[in-house]
Amino acid sequence: MILLPITEFFGRRILLIMGTLGSFLHFLRDIFSWTTRRPLRLRLLFKQMEFVGVKSIWIIGLTSFFTGAVFALQSGYVFTLFNMESMVGATVGMSLTRELAPVFTALMVTARACSSMAAQIGSMRVTEQVDALETMAVNPVHYLVVPRVWATTLMLPFLTMLFNFIGCVGAYFVGIFLLSIHKGPFMSLLYYYVDADDIFGGLLKSSIFGFVIAAISCFQGFKAREGAAGVGKATTQAVVASAVSILVLDYFLTTWILEFISTPGR
Amino acid sequence: MIEIINLHKSFGSQHVLRGVNLNIPDGKVTVILGPSGCGKTVLMRHIIGLVKPDSGRIVVDGVDINRLSKHELNDFRKRFGMLFQHAALFDSMTVGENVAFPLIEHSHEKDPKKIAATVAEMLQLVELPNAEHKHPDEISGGMRKRVGLARAIALKPQILLYDEPTTGLDPIMTLTIDNLIQSMQHALGVTSVVISHDIASAFRVADQIAMLHEGKIVECAPPEAFRKSKHAVVQSFLNVGGMS
């Protein structure tokens, strides 16, 4: 008898999770179904690309510079023990292109842009603006979600590329000016070890992250209920679910990329 | 003609609509009266397909809207205009952009000057001339409702739905909105459905009044016949509102 409340508790949790997952899959189907419908809403797409991409440049620039710099600093001190300081550039370059840049960029965009998407759509939901769209024969997924999701999917690779470049600049400054590594070996090993497969794999991951975080954030906004508290809850859930999804998805995507895209033996 | 046939809807254990039957005639104002929380708004959301019923049908001009696909329903909604209880204006747009929104989305007119002229005409109809550049948070509740009405009529719909149009307004603004409902009726010849608990307002605008009680329509008649109804709930509602 004592087990009954426990099984009931877990049963309810499982039903809730499965229900939410089912609703999310329906939501994804709606996104794909409305993507190809006219009007294509290119103006909204470009507006969202500006919001997600152009307006994130400064924050991505700042975080990437210091990420590259601190990674060079840490690896430089370790490599000094083995007299391999010249490997700092290659190590930072490979880490950035394969892992750090796509993951950190997605996390920064989640914090800056996707939280705002969840809050904006959530606020529109609780003030009946989403219903108003529907009554005017404008599908809310078509109008609000499709431009946001594809804008994030398209802009994340550009921001990741920027992260790669500025991160390497940060590593260069620390490596050359603080750790006194020679420019020649630093740059030549960076060129030698980081190749197109690493960059392409990272950009592919970032694009998938972009789709997932924007879809999750818009979905959470759509689920918002019960006024300002509901909007706050939806925003928090959007950020948490997006961040967790990035890290979990990263493992599986990396496994897949290492298996099918990366050149073996390096 | 809108036919609501044996409509049932529950939310969890709460059985809100328990077999609603109602005919809404073309070109008339039908007011659905009832106390707060009796399911009036839920009923209105069914009429425009925002909520799916558990059972029953909504037939609009011979089309059962629950049998339409999502895309068909989206197109079908172009026949409707709806004024929300709190106007539901897009707060990221100005008044003019709000009214222009359905025109930009659906009308064949793409010339910005002609759209601006239509917006001005709609705002004139709701007695808000030159309000295009104001922001929704700069105007009063009554003005927001009038902007919401201008947006609802912008595409000249066949059916206008009003969700509690006079709730929260002072008596003068209530009278203004009632006059607007009547003038829309005369100017556009639309079928209007008004959800309200304001009895005096209902008698001012209605061609037909229906009373929703415990999830069912208990009375439906023209205003004078409604006033003489023998139904206890109707009489009690009229007594409280001082209209018996």
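Just so we're clear, the structure is a prediction, and the values are computed from it rather than from any experiment. Residue numbers start from 1 in every chain, and the chains themselves are labelled A, B, ... in the order their sequence lines are given, proteins ahead of strands.
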Test side chain to side chain contact (heavy atoms under 4.5 Å, CB included) on F163(A) and T63(A) and set out the steps.
CA-CA 8 Å; F163(A) 199 110; T63(A) 51; 3.9 Å; yes

With sequence neighbours excluded, tell me which residues meet side chain to side chain donor-acceptor pair (under 3.5 Å) with S206(A).
T160(A)

Looking at H71(B), H106(B), H86(B), which one has more heavy-atom pairs under 4.5 Å with chain A than the rest?
H71(B)

D75(B), L89(B), L155(B): which one forms the most heavy-atom pairs within less than 4.5 Å of chain A?
L89(B)

Part of T127(A) lying under 4.5 Å from any heavy atom of chain B:
backbone

Does any N or O in the side chain of [X] come within less than 3.5 Å of the main-chain N or O of [Y], such that one atom is a donor and the other an acceptor?
X       : Y       : answer
R151(B) : M136(A) : no
K145(B) : P165(B) : yes
S207(A) : T153(A) : yes

Could you check if a side-chain atom of [X] sits within less than 4.5 angstrom of a side-chain atom of [Y], using non-hydrogen atoms only?
X       : Y       : value
H133(B) : T94(B)  : no
D54(B)  : K9(B)   : yes
Y162(B) : S192(B) : yes
M82(B)  : R77(B)  : no
S245(A) : I213(A) : no

Quick check on [X] against chain A: is it the side chain, the backbone, both or neither that has a heavy atom closer than 4.5 Å?
X       : answer
R79(B)  : neither
F101(B) : side chain
L161(B) : neither

With chain B as the partner chain, list the residues of residues 220-243 of chain A whose heavy atoms fall under 4.5 Å from it, by residue number, and write 'none' if nothing qualifies.
none

Select all residues of residues 20-34 of chain A having any heavy atom within less than 4.5 Å of some heavy atom of chain B, and report them by number, or 'none'.
R29(A), D30(A), S33(A), W34(A)

Only pairs under 3.5 Å count here: list side-chain donor-acceptor contacts from residues 118-127 of chain B, not counting sequence neighbours, and write none if there are none.
residue : atom : partner : partner atom : Å
T118(B) : OG1  : K114(B) : O            : 2.9

Start with the C-alpha distance between T41(B) and E164(B), add both sets of side-chain angles, then the distance that settles side-chain hydrogen bond (donor to acceptor under 3.5 Å, both in side chains), and finish with yes or no.
CA-CA 8 Å; T41(B) 300; E164(B) 307 264 11; 4.9 Å; no

Looking at V138(A), L133(A), N139(A), which makes the most heavy-atom pairs under 4.5 Å with chain B?
V138(A)

Considering only NZ, NE, NH1 and NH2 on the basic side and carboxylate oxygens on the acidic side, decide whether R67(B) and E72(B) come within less than 4.0 Å.
no

